[in-house]
> 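If you scroll down you'll find the structure; I have some questions about it.
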Amino acid sequence: MRLRTGCILCASLLAAAIAGPARAADSVVTIHRATPDGSGDSLGTIVIADSAGGATFKLDLHGLPPGPHGFHVHENGSCEPTISGGNHVPAGAAGGHLDPDHTGMHAGPDGQGHLGDLPVLDVAADGTATQTLTAPHIKSVAALKGHALMIHAGGDNYSDSPVPLGGGGGRFACGVVQ
């Protein structure tokens with residue numbers, strides 16, 4: 001009996017070692033609908049983790065409009081609305097796309113533009129997004145702390161033409177990386 005218990009314990013320890021330890025550097029971001037009055041309903045979470053190929057974004061989202069959506073890291077750590085030209089701007093306090101090198105270009109996650117350019121988020125017909133996306137230029141979760149993740153209402157062509165910032169349009173959902 002003692003040998004059997006010892007084998008079970010060894011097997012459990014081996015499984016834990018293979019799976020790897022819990023990564024304290026991972027960040028779980030709760031995403032909320034962006035409204036003119038502030039944060040709305042929770043739409044799920046995104047877990048950001050370090051990887052050899054760049055930061056990964058594991059999506060577990062629901063309640064989104066089906067189709068492609070622009071997905072970016074924004075410069076400020078706030079999802080509060082602002083007022084511009086007399087209009088309420090949902091999540092306007094997040095500022096623009098994260099661009100610490102001041103490239104001034106929107107070029108997608110593989111381009112030489114904004115660091116905050118992430119892969120397009122594809123939402124299924126049922127309003128869910130459960131894929132894992134990789135941002136090769138973002139080397140650590142720590143670099144994202146204090147910034148907002150933004151999901152835009154429309155898609156993203158990774159260009160500033162014919163519409164600036166990929167044509168993603170309004171800010172649909174937002175969460176702050178803690």
Side-chain angles (χ1 to χ4, degrees), residues 19-34 39 42-62 64 67-80 82 89-124 128-161 163-178:
R23 299 183 329 189
D26 292 0
S27 184
V28 179
V29 180
T30 301
I31 302 296
H32 291 270
R33 185 177 312 275
S39 292
S42 173
L43 301 174
T45 59
I46 298 174
V47 177
I48 310 169
D50 293 338
S51 80
T56 61
F57 296 77
K58 184 175 176 22
L59 311 174
D60 186 10
L61 302 171
H62 61 275
L64 298 169
H69 294 272
F71 182 42
H72 306 102
V73 178
H74 280 241
E75 59 190 350
N76 303 322
S78 176
C79 294
E80 291 300 312
T82 58
V89 178
H97 295 180
L98 180 62
D99 190 15
D101 294 330
H102 308 288
T103 66
M105 296 186 318
H106 182 70
D110 294 313
Q112 298 303 312
H114 303 144
L115 182 64
D117 292 345
L118 300 176
V120 169
L121 187 150
D122 286 311
V123 178
T128 62
T130 57
Q131 66 266 42
T132 298
L133 305 172
T134 302
H137 293 301
I138 299 174
K139 300 304 181 193
S140 74
V141 173
L144 301 178
K145 293 193 186 287
H147 297 285
L149 292 182
M150 191 73 64
I151 299 170
H152 291 271
D156 188 338
N157 69 359
Y158 301 144
S159 174
D160 285 316
S161 177
V163 180
L165 302 174
R171 297 166 183 214
F172 185 81
C174 184
V176 175
V177 182
Q178 303 292 329

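Only this structure's heavy atoms are used, side chains among them; waters, hydrogens and symmetry mates stay out.
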> Please find the pair of heavy atoms, one from Asp50 and one from Ser140, that lie closest to each other, and give the distance.
OD1-CA, 3.0 Å

> Taking atom CD1 of Ile46 and atom OG1 of Thr56, what is their separation to the nearest 0.5 Å?
11.5 Å

> Report yes if some heavy atom in the side chain of Val177 is under 4.5 Å from a heavy atom in the side chain of Val73; otherwise report no.
no

> How far does CG of Leu43 sit from OG1 of Thr128, to the nearest 0.5 angstrom?
12.0 Å

> Quick one: SG on Cys174 to CZ on Arg33, what's the gap to the nearest 0.5 Å?
13.5 Å

> For Ala55, enumerate each residue passing the side-chain contact (heavy atoms from CB on, under 4.5 Å) test, keeping only those at least two apart in sequence or located in another chain.
Ile48, Phe57, Ile138

> Report the residues that fulfil side-chain contact (heavy atoms from CB on, under 4.5 Å) with Val123, sequence neighbours left out, ordered by chain and then residue number.
Leu64, His69, Leu121, Ala129

> Please name the pair of heavy atoms, one in Cys79 and one in Gly175, separated by the smallest distance, quoted to 0.1 Å.
SG-N, 3.4 Å

> For residues Asp101 and Leu115, determine if any side-chain heavy atom of one lies less than 4.5 Å from a side-chain heavy atom of the other.
no

> First locate atom OG of Ser78, then atom NE2 of His147, and finally report the distance between them rounded to the nearest 0.5 Å.
13.0 Å

> Any donor-acceptor pair under 3.5 Å linking the side chain of His74 with the backbone of Leu98?
no

> Which atom pair, heavy atoms only, marks the closest approach of His32 to Ser39?
CB-CB, 3.9 Å

> Work out which heavy atom in Arg171 is nearest to a heavy atom in Ala34; give both atom names and the distance.
O-CB, 3.7 Å

> Look at the rings of His72 and His152 and say which category their plane angle falls in: under 30° parallel, 30 to 60° tilted, over 60° perpendicular.
perpendicular

> Search all heavy atoms of Gly104 against all heavy atoms of Asp99 and return the closest pair with its distance.
N-OD2, 2.8 Å

> Between atom CG of Leu59 and atom OG1 of Thr45, what is the distance when rounded to the nearest 0.5 Å?
9.0 Å

> Do you know the tightest heavy-atom contact between Leu61 and Gly44?
CD2-C, 3.8 Å

> Mind checking the CG-OG1 spacing from Asp122 to Thr130? Nearest 0.5 Å is all I need.
11.0 Å

> Taking side chain as C-beta onward, heavy atoms only, is Glu75 less than 4.5 Å from His97?
no

> Side-chain contact test, heavy atoms from C-beta onward, threshold under 4.5 Å: evaluate it for Asp110 versus Pro136 and give yes or no.
yes

> Would you say His106's side chain and Asp160's backbone share a donor-acceptor pair under 3.5 angstrom?
no

> Considering only heavy atoms from C-beta outward, does the side chain of Leu118 approach that of Leu133 to under 4.5 Å?
no

> Do Asp117 and His137 have side-chain N/O donor and acceptor atoms under 3.5 Å apart?
no

> Please tell me if the side chains of Asp156 and Pro68 come closer than 4.5 Å, counting only heavy atoms from C-beta onward.
no

